[in-house]
Amino acid sequence: MFDPPPLPDGSRINLPVLIMASNRPHYLFCMLKSLRGVLGLNAAMVTVFIDGFFEEPASLAGLYKLKVDQHVGVSKRNARIAQVQC
């Protein structure tokens, strides 16, 4: 379960968190495991943005029931995330 502990008063911080991921599910797992310990984090505000259509990171984010947004690359080299800013 991706259920970070609430703040001492029981409330949560409504701060959007965007996680940029690619085809490195092990690193994503370590990051999500660390993020689970953030006090007051609202899990409904966490989105995993995957640069490409990779099954492993999408499945991992799905296990934690996080929102997933996958982006298809239109470039031919390594500039997939850079094209998001255009």
Novice: Do the non-hydrogen side-chain atoms of L66 and L32 ever get within less than 4.5 Å of each other?
Specialist: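 Yes - at least one pair of side-chain heavy atoms lies under 4.5 Å apart.
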Novice: Using 30° and 60° as the class limits, which term best fits the ring planes of Y64 and F2: parallel, tilted or perpendicular?
Specialist: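 Ring orientation, 0 to 90° scale: perpendicular.
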Novice: How long is the straight-line distance from CZ of F29 back to NZ of K33, given to the nearest 0.5 Å?
Specialist: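 Reported to 0.5 Å precision, the distance equals 5.5 Å.
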Novice: Side chain of R36, backbone of P4: donor and acceptor closer than 3.5 Å?
Specialist: no
Novice: Between atom CD1 of I19 and atom CG of D69, what is the distance when rounded to the nearest 0.5 Å?
Specialist: 12.5 Å
Novice: Give the minimum heavy-atom separation between R12 and P6, together with the two atoms involved.
Specialist: NH1-N, 3.8 Å
Novice: Would you confirm whether E56, through its side chain, and N23, through its main-chain N or O, come within 3.5 Å as a donor-acceptor pair?
Specialist: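 No, the answer is negative, given that no donor and acceptor are paired below the 3.5 Å cut-off.
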Novice: Is it possible for you to say whether V46 and L7 belong to one hydrophobic cluster, with membership spreading through side-chain heavy-atom contacts below 4.5 Å?
Specialist: no
Novice: Is the side chain of K67 donor-acceptor paired with the backbone N or O of M45 at a distance under 3.5 Å, no angle test?
Specialist: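 A pair under 3.5 Å: no.
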Novice: If two hydrophobic side chains count as joined below 4.5 Å and joins carry through other members, does L39 share a cluster with I13?
Specialist: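 Yes, one cluster joins them.
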Novice: According to a hydrophobic-cluster definition based on side-chain heavy atoms being under 4.5 Å apart (Ile, Leu, Val, Met, Phe, Trp, Tyr only), do V48 and Y27 belong together?
Specialist: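 No, V48 and Y27 fall in different hydrophobic clusters.
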Novice: Where do S22 and P57 come nearest, in terms of heavy atoms and distance?
Specialist: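 Shortest heavy-atom separation between S22 and P57 comes out as O-CG, 3.0 Å.
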Novice: Is there a path of hydrophobic side-chain contacts, each under 4.5 Å between heavy atoms, that joins L15 and V38?
Specialist: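 No, it is not one cluster - the side chains of L15 and V38 are not joined through contacts under 4.5 Å.
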